[in-house]
Amino acid sequence: MLVRTHTCGQLRESDVGATVRLNGWVNSYRGHGTGLVFIDLRDRYGLTQLVFDGEDLPGDVMETADHLRNEDVVAVEGTVRVRTGGENPKLPTGKIEIEVSRLEVLNKTANPPFLPDDLAKLPNEELRLTHRYIDLRRPKMQKIMQARHRLAKVTRDYFHENGFLEVDTPILYKSTPEGAREFLVPSRNVPGGWYALPQSPQLFKQILMIAGCDRYIQLCRCFRDEDPRADRQAEFTQVDLEMSFVRREQVMEMMEGYIRRLWREMAGIDIPAMSRMTYRDAMERFGIDRPDTRYGLEIADISEIASRSEVAFFKDALARGAERPRFNSKRGVVKAIRVPGGAEKLTRKITDGYNEFARSFGAGGCAVVKVNAQGQFETGVAKFLEGVRGDLTAALGLTPGDTVLFVADEYAVCTKALGELRQKVARDMGVVPPPGAEGGPWNFLFVVDFPMFERNKETGRWVAMHHPFTAPRDDQAQTFVEASVDDEVTIESIVSAGYDIVLNGQEIAGGSIRIHDPKVQSKVFQLLGLTPQQAREKFSFLLEALSFGAPPHGGIAFGLDRLVMNFVGTDNIRDVIAFPKTQTGADLMTRAPSAATDEQLREVHVRSTWTPPAT
RNA sequence: GGGGCGGUAGCUCAAUUGGUUAGAGUACCGGACUGUCGAUCCGGUGGUUGCGGGUUCGAGUCCCGUCCGCCUCGCCA
């Protein structure tokens with residue numbers, strides 16, 4: 001084989017006269033029969049034009065060249081020369097071409113199901129995934145893989161420079177079925193025993209701290225057997241890290257440094273100092289724990305004013321859970337969003353849609369009022385608000401042409417519905433800036449002071465909002481330890497030492513200071529409804545480790561895939577994963593998952609209960 | 001588990017209210033062509049309309065079921 005001396009993106013005018021060899025894929029054929037043939041040869045690095053000239057080459061070579069087709073793999077030898085037919089300004093190699101003297105066809109392709117062409121309309125994703133090796137040849141996909149590589153490298157560089165140690169943790173791991181559904185792996189050596197794939201290396205990294213590792217980093221694969229979304233895969237990658245002898249300030253500083261470094265090196269952007277917001281503030285103003293602060297449209301609590309209106313369903317909502325404390329999830333509230341200029345842009349059809357949209361989140365609906373040129377309310381519930389029009393106008397800062405959206409319901413439902421609605425309205429109003437990669441703002445935010453616990457909607461039991469190893473905030477620890485497990489109001493008020501990093505309304509990282517006191521850890525388990533026996537059965541290794549000299553520690557994990565998505569400007573997580581899975585967890589290329597043989601199952605002591613459906 | 005959208009030539013799409021032999025571009029094959037650069041021109045092959053039922057004189061089109069993909073609610077400590 002004619003082994004390459006250069007890549008297809010390398011040669012320039014300065015190389016003119018050199019004899020070179022190139023290897024690559026035929027990207028396009030432009031032929032004039034056996035007289036003259038042009039080929040653009042492609043590899044990961046670029047395109048170079050090859051010329052086959054019938055006056056210099058033997059007939060059989062010209063014959064072969066004339067039959068080259070897209071995606072054939074070839075090797076050529078030839079001389080670099082200035083293009084005699086004019087340069088191609090679209091290509092970095094556009095001033096030169098290779099006058100081919102020898103041609104070797106390394107692999108003649110079958111007719112490909114599609115071409116790796118970024119200019120053409122993409123075939124449907126099913127086909128791209130089935131023939132992923134062709135899709136990945138596309139320059140765009142090559143760029144994405146390169147970006148992902150660079151991001152991993154910058155990450156390792158930064159944490160290396162800051163004294164972090166990269167340590168691998170097990171993939172075959174103990175099942176601790178509290179959070180996400182786990183993937184299970186049967187043991188052959190221990191009949192009836194099962195491993196689980198880790199949802200995250202959480203406990204291992206804490207134990208590494210107890211082991212004196214001090215600073216740990218890992219780019220690790222995590223597995224959660226839950227239904228995927230556009231930005232979620234069952235198998236994904238985290239930038240996982242942990243630090244000893246820190247309070248949350250130190251972790252947050254280290255993270256801000258990392259983010260700054262990433263954006264500098266990946267996008268050439270210096271990001272401003274990251275702001276902070278409490279969880280309560282985020283929920284009150286934005287209705288979500290990961291607020292998109294690139295636009296306003298903030299949510300206002302108008303419960304007091306609503307109580308003086310004539311709107312029946314406002315009053316009904318407010319009557320619910322009225323005896324409960326403020327911010328309690330079951331207490332009725334009325335909240336509103338002022339949409340400046342909405343009267344014109346948000347048509348009746350659109351606002352009717354909002355009503356449906358609010359319902360889909362469990363709310364009774366969404367009331368809509370428009371402010372006319374005289375400052376009067378129109379449509380829907382307008383006449384029932386007449387008595388409080390002045391107060392509402394003042395409280396919300398209403399001006400003519402505004403639309404106001406109201407939701408009345410229990411706190412949790414109302415907040416959720418308006419939080420989601422706010423984002424939908426922002427898109428409809430066109431106030432969401434373009435993705436940051438194209439010049440829009442990068443709004444980073446630390447969200448802090450999350451509640452430690454919340455009630456599970458179905459079981460009514462306490463569950464950890466972050467995870468059961470999250471410590472209470474320093475000033476809350478004493479209250480927490482002393483609180484009775486039945487003291488609902490106190491338990492609900494305990495704030496954790498957790499922190500999320502939010503970018504343009506997207507959670508890109510989450511972490512916390514961990515519990516390093518076995519007594520506090522036991523208390524959390526107790527509150528979560530684990531008996532001491534159950535806690536020991538599941539987490540004895542952790543409780544034991546915590547009792548043998550555990551340093552205060554904390555950490556965080558970033559979703560690596562989502563970070564990459566931001567830099568390459570895609571909203572499809574499958575684009576940034578070389579071999580992703582479909583919504584049913586299938587790998588369309590390898591056809592996984594597939595059946596196991598009876599022999600395989602016997603060996604791991606498993607019998608399947610599944611039977612094929614009757615046809 | 002629920003809701004929505006989609007599946008027609010290798011690919012991207014079209015096909016009127018249910019009505020003739022399901023079309024176009026592209027890819028592929030053959031031919032012409034000595035400076036193209038998304039080459040051009042001429043000709044040709046290519047179809048179980050995802051699959052299975054049903055309604056009808058007649059189904060790509062309507063109905064039922066099912067499979068696959070995407071979006072989404074639930075879920076994701």
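Sequence lines set the chain letters: A, B, ... in the order given, protein chains first and strands last, and positions in each chain run from 1.
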A.B. asks: Name the nucleic acid region contacted by A:F114, choosing base, sugar-phosphate or nothing; use a 4.0 angstrom heavy-atom cut-off, strictly under.
C.D. replies: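 Here A:F114 touches no strand at all.
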A.B. asks: Quick one: is A:T584 getting a side-chain N or O under 4.0 Å of the B:rC68 phosphate, OP1 or OP2?
C.D. replies: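 For B:rC68, neither OP1 nor OP2 has a side-chain N or O of A:T584 closer than 4.0 Å.
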A.B. asks: Taking NZ, NE, NH1 and NH2 as the nitrogens, is one of them in A:K108 or A:E71 under 4.0 Å from a carboxylate oxygen of the other?
C.D. replies: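 Looking at A:K108 and A:E71, the cut-off is not met.
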A.B. asks: Looking at A:N111 and B:rC28, is any side-chain donor or acceptor paired with a base atom of the opposite kind under 3.5 Å?
C.D. replies: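 There is none.
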A.B. asks: Between A:A180 and A:A586, just flag the one whose closest nucleotide in RNA chain B comes earlier from the 5' side.
C.D. replies: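 Result of the comparison: A:A586.
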A.B. asks: So A:G94, base contact, sugar-phosphate only, or nothing? Heavy-atom distance under 4.0 Å.
C.D. replies: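 A:G94: no heavy atom of the nucleic acid under 4.0 Å.
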A.B. asks: Please state whether the rings of A:F450 and A:Y279 are parallel, tilted or perpendicular, taking 30° and 60° as the class boundaries.
C.D. replies: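 Tilted: the ring planes of A:F450 and A:Y279 meet at 30° to 60°.
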A.B. asks: For A:T470, report the nucleic acid contact type (base, sugar-phosphate, nothing); a contact means any heavy atom under 4.0 Å.
C.D. replies: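 Touches nothing.
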A.B. asks: Is it true that A:E356 and A:Y354 share a donor-acceptor pair across their side chains at a distance under 3.5 Å?
C.D. replies: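 No - no donor-acceptor pair under 3.5 Å links their side chains.
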A.B. asks: When rounded to the nearest Å, what value does the distance between P atoms of B:rU26 and B:rA22 take?
C.D. replies: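 Per the computed distance, 22 Å lies between those P atoms.
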A.B. asks: Under 4.0 Å, heavy atoms only, any strand: does A:R574 hit a base, just the sugar-phosphate, or nothing?
C.D. replies: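 It contacts sugar-phosphate atoms only.
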A.B. asks: Is the NZ or CZ atom of A:R69 both under 6.0 Å from the centre of the six-membered ring of A:Y29 and within 45° of that ring's axis?
C.D. replies: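 Yes, cation above the ring, under 6.0 Å and within 45°.
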A.B. asks: Between A:R229 and A:K90, which is nearer to the 5' end of RNA chain B once each is assigned its nearest nucleotide?
C.D. replies: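 Counting from the 5' end, the first nearest nucleotide belongs to A:K90.
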A.B. asks: With a 3.5 Å cut-off and just heavy-atom distances, do the side chain of A:E226 and the base of B:rG74 make a donor-acceptor pair?
C.D. replies: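 Between B:rG74 and A:E226, which were checked side chain against base, a qualifying N/O pair under 3.5 Å is absent.
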A.B. asks: When the C1' atoms of B:rC67 and B:rG52 are considered, how many whole Å apart are they?
C.D. replies: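 Result for the C1' pair: 10 Å, nearest Å.
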A.B. asks: Once hydrogens and angles are ignored, does a donor-acceptor distance under 3.5 Å link the base of B:rC37 to the side chain of A:R83?
C.D. replies: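 Indeed, a donor on one side and an acceptor on the other fall under 3.5 Å apart.
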A.B. asks: Students often get this wrong, so: under 4.0 angstrom with heavy atoms, is A:E126 touching a base, only sugar-phosphate, or nothing?
C.D. replies: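 Sugar-phosphate, no base atom in range.
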A.B. asks: Given B:rC70, is OP1 or OP2 found less than 4.0 Å from the side-chain N or O atoms of A:Q583?
C.D. replies: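 Answer yes for this pair, as a side-chain N or O of A:Q583 is under 4.0 Å from OP1 or OP2.
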A.B. asks: For the pair made of CD in A:E420 and P in B:rU72, what is the distance, rounded to whole Å?
C.D. replies: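 Those two atoms, CD and P, are 11 Å apart.
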A.B. asks: A:E125 CD to B:rG7 P: how many Å, rounded?
C.D. replies: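 So the CD-P distance, A:E125 to B:rG7, works out to 16 Å.
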A.B. asks: Would you mind reading off the distance between A:Q199 atom CD and B:rC75 atom C1', rounded to a whole angstrom?
C.D. replies: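 Taking CD of A:Q199 and C1' of B:rC75, I get 12 Å after rounding.
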A.B. asks: Provide the Watson-Crick or G-U wobble partner of B:rU36, both distances under 3.5 Å; none if there is no partner.
C.D. replies: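 WC or wobble partner does not exist here.
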A.B. asks: Looking across every strand, which nucleic acid part, if any, lies under 4.0 Å from A:L127 by heavy atom: base, sugar-phosphate, or nothing?
C.D. replies: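 It contacts sugar-phosphate atoms only.
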A.B. asks: So what does A:S28 touch, heavy atoms closer than 4.0 Å: a base, only the sugar-phosphate, or nothing?
C.D. replies: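 Sugar-phosphate only.
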A.B. asks: side-chain hydrogen bond (donor to acceptor under 3.5 Å, both in side chains) for A:D292 and A:Q506? Distances and angles first, verdict last.
C.D. replies: CA-CA 7 Å; A:D292 189 338; A:Q506 177 192 30; over 6 Å; no
